[in-house]
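Okay, so here's the structure we're looking at.
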Amino acid sequence: MTMLDAALTDWSRAQFALTAIYHWFFVPLTLGLSFIMAITETIYVKTGNEEWKKLTKFWMTLFGVNFAIGVATGIILEFEFGTNWSKYSWIVGDIFGAPLAVEGIFAFFLESTFIAVMFFGWDKLSKKFHLLSTWLVAFGSNLSAFWILVANAWMNYPTGTEFNPDTARSEMISFWDVALSPFAINKFLHTISSAYIVSALFVVGVSSWYMLKNRNVIFAKKSILVASVFGVLSSLFIIITGDGSAYQVAQKQPMKLAAMEGLYEGKEGTGLIAFGILNPSKKIADSEDPFLTKIEIPKLLSLLSYRDANAFVPGIKDLVYGNEKYGIEPAQKKIERGKISVQALNRYKEAKIAGDTLAMNLALAELKETFHDFGYAYFDHVEQIVPNITLVFYSFHIMVALGFLFLVIFILTFWFTYKEKIESKKWLLRVALWSIPLGYLASQLGWVVAEVGRQPWAIQNILPVFKATSHLSVGAVQTTFFLFLVLFTILLTAEIRILIKQIKNGPKE
Amino acid sequence: MFESMELSSLQQYWWVLISILGAALVFLLFVQGGQTLLFQVAKTDEERTFLINTLGRKWELTFTTLVTFGGAFFASFPLFYATSFGGAYWVWMAILFGFIVQAVSYEFRSKAGNFLGKKTYECFLFANGFLATVLLGAAVSTFFTGSAFSIDMYNLSKWDLPTHGLEAALNIQNLSLGIALFFLTRMTGAMYFMNSIVHEEIFKRSQKQVFWNGLIFLVFFLIFAGLLLTSQGYAVDTNGIVYMEDYKYLNNFLQMPLVLIFFLIGVVLVLWGWYRSFAKGIVRAFWCTSAGVFLVVLSLFFIAGFNNTSFYPSYTDLQSSLTIYNASSSHFTLSVMSYVSLFIPFVVLYIAYAWRSLAKLKISKEELNSNSHVY
């Protein structure tokens, strides 16, 4: 890999990360708030109580402001696969394009059509049709999340596919394997439950602010009640889906799991790090202690990863240099096999041009046998297969800790609101208010774990990121990166200011 | 059903779908055209609010159609997606920047604390209207005039000019389609105002805009059509070899008479609607012209992709040119996606139903006052 390739890859990644992070500031609220609105509007339609209508309309206004900017950042993500990851778009377009198209046809139209009905149809349509529209917006936005996460899951665990040497790309052989892969299902459920938590925290936090200011108290209590129940259920659900996701990672991406836990040397009955500070001078090959200090829960990582408390969990060192005892191959072997695979593809192409069928068949057989390590061919040394451990480890642990904190907040706010004591618990209201940014932080960190943890791969074992970019100059990508940065930051500033203003104005009487 | 079809039939079926989506997108660009009229049709802030609230109930539909157009192109012809988006980088980025600022402008424009002020968001809407129409028009024109890319034996592409797509703007044919599209959508945008708003002044000014924009559109469209029908085109022989053929696109029309009929009916409908609108003030002329726009765009996509033609030709390396046969997804993916496409009529039906439900009451002072969600 040349310096120029490296710079282009870094800037292309930076631009994609920037867009994705900004996008994810807005999407969680869209996913969760849409359901909270649908629930409160359902109560309104059932009871006919105008308070619930007022409440629904208020959250809908905030939803609208947030939705617009989510859409603005979303379109860029879709097109960036083409603009900045052109090679990727060809090599996996046969599989990756399908979920994006399905997302457009099934989900986006549902969302965009009924969002107009939801906003502008209050007095033009029957109550029931309007309610149906609000539910369809919630359903549509969550459905779109499903399809894009199917696409993302496939990058982590490329299933239902076969490499076609004639077209030099991976082609789909089973749609259902792609759409319903256990990786995709877990990723979808885990991601949407995190979005629901962000939304519930937002509603509880904003309502707590009203309580602290001693205004719109009935409105605020009603909102807290709905959102805290939604939050408790989502928090319990995220523990289950988090366990499911980690189990999948352990099976399919052991390096990501090792990085999440800062596990350098694998062992049987591995404990889970509940708290730890990494040793910054630790190198992969040396024997220094990876932690300066840590609190470990014995055997839990083995249990969670392999459903067996004594199972062997491979560490970074094992995965890089191999571990004969546990049958783990050194990465060097994979690199060698990858090079054989790439050479076989080249030979196949040459034989095809020459019309040599025998040579084509031989090359094809070799390609098929070695293809599972195809992407390793592009590495110069084995340490390149290790992601940024510090970033992944801390992101993972802070995310988990925050997740448990949110569960406690939801239980307490629900309990004290239910018991009509929430007004007196000023400390809890303050904590709830300040948890809003923490919710966003936790959710973003989840994506850092998922995306930085799978580096250096664009497609696990098949395509490293530096082989996936477009053929562009570094300067071009740098220019668009800074343009996006400035524009998104301005728009985010505008969005936050509008939201604060709307919240200060409160629900319309 | 689909899995037993020939690969070439699926490729043709998907080119038809892409063409339909492209035609629907151009029809819906009346939103963008309308956005460029904010400062001409409206003279006061209140009038501008009328226009923006009228367009604001439709912008997401255009936006979603663009996204779906991109997604469907990716799924069915990924080599186009990889080649064009990664290659004509600056053109696509400029289009995208326009859509980013559009998406927030409706919602943010009149909200307190919006940081940039009302005027800025109105300028954003203008920018989107201008960039999207001119650049999308120029980009579609490159289906006929070609682009500067080459593709290697592994189907990986690179752009051959450092301008990365901006060079397309130097071609008169591309530019004339871009400008034609800009004025066409301004015309349909003005027609949409006439159709949706109860306001005498806005009606009159829109009617005037229909006339002038329609006239300028016509001039540039004739230049484009003249160049298209007299130029050489990118033909493909039975072995997949690309070569230049005189009057290729004229020949395509003549060899596919049904497409020619679509084109001619489309042109007549556009002009008939234009006349009825500016001369008689008929509000439903919007639908007549829109149907015409749909048919014309559909026929242009058909002559770009069918009848042994390269739909995304390269003038720097002729044999790198893309056809619907060498740029498509696999048989399996196309057949799976074909099942998905069966839901499209259902989607169109519910969009039409929602559109009608919301269109029952026209935009007026009373309507906006009674609505809790105003842009």
Side-chain angles (χ1 to χ4, degrees), chain A residues 57 64-65 68-69 71-72 75-76 78-79 82-84 86-87 89-90 93-94 97-98 100-106 108-109 112-117 119-125 164 167-169 171-173 175 349 470-472 476 480 483 487 490-491 493-494 497-498 500-502 508, chain B residues 57 60-61 63-64 66-68 70-72 74-76 78-79 81-87 89 92-93 96-97 99-100 103-104 106-108 111-116 153-159 164 329-330 332-333 336-337 340 343-344 347 350-351 354 357-358 360-361 370-373:
Chain A
K57 279 189 165 186
V65 175
I69 188 161
V71 169
I75 192 171
I76 306 305
E78 174 179 340
F79 284 95
T83 55
N84 292 81
S86 159
K87 289 179 196 137
S89 286
W90 171 251
D94 193 65
L100 292 192
V102 175
E103 185 183 17
I105 293 168
F106 284 152
F108 285 155
F109 278 115
S112 63
T113 304
F114 288 100
I115 214 164
V117 178
F119 279 131
F120 303 107
W122 275 109
D123 303 316
K124 294 191 184 74
L125 306 160
N164 179 347
T167 51
R169 67 177 175 189
E171 293 182 354
M172 185 157 40
I173 52 169
F175 178 73
K349 287 280 185 192
S470 297
H471 206 281
L472 293 166
T480 47
L483 285 172
L487 186 60
I490 291 173
L491 297 182
T493 312
R497 285 171 54 118
I498 294 172
I500 290 174
K501 197 87 187 166
Q502 296 283 333
K508 282 185 187 135
Chain B
R57 297 177 190 194
E60 279 153 345
L61 203 52
F63 200 96
T64 305
L66 173 69
V67 174
T68 306
F74 195 5
S76 52
L79 194 51
Y81 199 84
T83 305
S84 178
F85 287 79
Y89 190 70
W92 292 112
M93 280 294 167
L96 291 177
F97 274 106
F99 278 96
I100 297 174
V104 295
Y106 285 102
E107 198 64 51
F108 288 9
K111 296 262 186 331
N114 68 10
F115 189 47
L116 300 173
M153 68 193 288
Y154 301 100
N155 279 324
L156 301 177
S157 58
K158 79 177 179 56
W159 210 253
H164 278 284
S329 283
S330 63
F332 184 85
T333 296
V336 167
M337 290 308 298
V340 173
F343 288 88
I344 292 177
V347 173
Y350 76 65
I351 291 173
S357 304
L358 286 180
K360 275 180 204 154
L361 276 178
S370 71
N371 216 311
S372 54
H373 199 86

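A quick note: this is a predicted structure, and the numbers were derived from the prediction, not measured. To find a chain, count down the sequence lines: A is the first, B the second, and so on, and within it residues start at 1.
- With a threshold of 4.5 angstrom between heavy atoms, A:Glu103 does not approach chain B through any atom at all.
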For this session: Tell me, with the steps shown, if A:Asn84 and B:Tyr89 meet side chain to side chain contact (heavy atoms under 4.5 Å, CB included).
Result: CA-CA 8 Å; A:Asn84 292 81; B:Tyr89 190 70; 3.1 Å; yes

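- Note: A:Phe114 and B:Tyr350 meet the aromatic proximity criterion, with ring centroids under 6.0 Å apart.
- Using a 4.5 Å cut-off between heavy atoms, A:Asp123 touches chain B through its side chain atoms alone.
- Within the 4.5 angstrom heavy-atom criterion, atoms from both the backbone and the side chain of B:Val104 approach chain A.
- Under the 6.0 Å distance and 45° angle rule, A:Arg497 does not count as a cation-pi partner of B:Phe115.
- Using a 4.5 Å cut-off between heavy atoms, A:Ile490 contacts chain B through both its backbone and its side chain.
- Contact of A:Ser470 with chain B is made through the side chain alone, with heavy-atom distances under 4.5 Å.
- At a 4.5 Å heavy-atom cutoff, the contact between B:Ile351 and chain A is made by backbone and side-chain atoms alike.
- B:Trp92 is linked by a side-chain hydrogen bond (donor to acceptor under 3.5 Å, both in side chains) to B:Ser84, counting only residues two or more places apart in sequence or in another chain.
- For A:Gly93 against B:Pro78, the heavy-atom pair with the smallest separation is CA-CB, 4.0 Å.
- Only the side chain of A:Lys57 comes within contact range of chain B, with heavy atoms under 4.5 Å apart.
- Contact of A:Leu125 with chain B is made through the side chain alone, with heavy-atom distances under 4.5 Å.
- Among A:Thr493, A:Ile500, A:Asn164, A:Leu100, the residue making the largest number of heavy-atom pairs under 4.5 Å with chain B is A:Thr493.
- Ring-plane geometry between A:Phe79 and B:Tyr81 is classed as parallel, the angle between the planes falling under 30 degrees on a 0 to 90 degree scale with a further cut at 60.
- Using a 4.5 Å cut-off between heavy atoms, B:Met93 touches chain A through its side chain atoms alone.
- At a 4.5 Å heavy-atom cutoff, the contact between A:Trp122 and chain B is made by side-chain atoms alone.
- Of the atoms belonging to B:Glu107, it is side-chain heavy atoms, and not backbone ones, that fall under 4.5 Å from chain A.
- Summarising the geometry of A:Trp90 relative to B:Leu156, their closest heavy-atom pair is CD1-CD2, 4.3 Å, with the distance given to 0.1 Å.
- At a 4.5 Å heavy-atom cutoff, the contact between A:Ile498 and chain B is made by backbone and side-chain atoms alike.
- If you measure heavy-atom distances from B:Val336 to chain A, the contacts under 4.5 Å come from the side chain alone.
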